[in-house]
Amino acid sequence: MGQPTSPESDHIARAARVRVHAIEMIGDEEKAIAWLNTPNRALDGQRPLDLLDTDMGARMVEDIAGHIAGRIAYGVYS
């Protein structure tokens, strides 16, 4: 098991960035992790984590987290 490849490193960096962003937007780590793992209507039923393979997908997830952060704080995850 060696160093991660460039695509793997990019994915790890995106996942970390999105996780931090989701926690900041939602204000609660447990709710943010639950949201990242839950299929979301705003993402055509995909889990936010499933979109982190590309930078564009990660940015979509960050945008959605920002738009619905208030709803998530009250227990509505999509």
Side-chain angles (χ1 to χ4, degrees):
M1 205 167 163
Q3 294 281 351
T5 65
S6 182
E8 290 170 336
S9 294
D10 290 345
H11 186 273
I12 292 166
R14 276 192 298 274
R17 182 185 80 217
V18 169
R19 181 178 181 272
V20 168
H21 183 74
I23 292 168
E24 288 174 354
M25 292 291 99
I26 295 166
D28 180 278
E29 184 174 6
E30 190 173 307
K31 288 181 181 180
I33 300 304
W35 180 76
L36 288 167
N37 284 289
T38 302
N40 190 295
R41 287 185 302 235
L43 299 171
D44 293 326
Q46 296 180 81
R47 296 179 322 147
L49 283 179
D50 295 336
L51 297 174
L52 302 184
D53 288 338
T54 66
D55 198 49
M56 186 167 76
R59 292 193 192 284
M60 284 175 46
V61 171
E62 289 172 324
D63 288 345
I64 301 250
H67 288 298
I68 63 174
R71 292 181 63 201
I72 294 167
Y74 291 100
V76 179
Y77 293 98
S78 62

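Residues passing the salt bridge (Lys or Arg N to Asp or Glu O under 4.0 Å) test with Glu24: none are found, sequence neighbours excluded. Here Gln46 pairs with nothing under the side-chain hydrogen bond (donor to acceptor under 3.5 Å, both in side chains) rule; sequence neighbours left out. Not counting sequence neighbours, the partners of Asn37 by the side chain to side chain contact (heavy atoms under 4.5 Å, CB included) test are Ile33, Arg47, Leu49. Partners of His21 by side-chain hydrogen bond (donor to acceptor under 3.5 Å, both in side chains), not counting sequence neighbours: none found. Judged as a side-chain hydrogen bond (donor to acceptor under 3.5 Å, both in side chains), and not counting sequence neighbours, Asp63 has no contacts. Among residues two or more places apart in sequence or in another chain, the side-chain hydrogen bond (donor to acceptor under 3.5 Å, both in side chains) test is passed with Arg19 by Glu29.
For His11 against Leu52, the heavy-atom pair with the smallest separation is CD2-O, 3.2 Å.
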Donor-acceptor pairs under 3.5 Å, side chain of residues 54-62 to any protein atom, not counting sequence neighbours: which ones?
| residue | atom | partner | partner atom | Å |
| --- | --- | --- | --- | --- |
| Thr54 | OG1 | Gly57 | N | 3.0 |
| Asp55 | OD1 | Arg17 | NH1 | 3.3 |
| Asp55 | OD1 | Arg17 | NH2 | 3.3 |
| Asp55 | OD2 | Arg59 | NE | 3.0 |
| Asp55 | OD2 | Arg59 | NH2 | 3.2 |
| Glu62 | OE2 | Arg17 | NE | 2.9 |

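Remark: Asp50 CG to Leu43 CG distance equals 9.5 Å, nearest 0.5 Å. Note that the CG atom of Leu51 and the CG atom of Leu36 stand 10.5 Å from one another [nearest 0.5 Å].
The side-chain heavy atoms of Trp35 and Ile64, taken from C-beta on, include a pair separated by under 4.5 Å.
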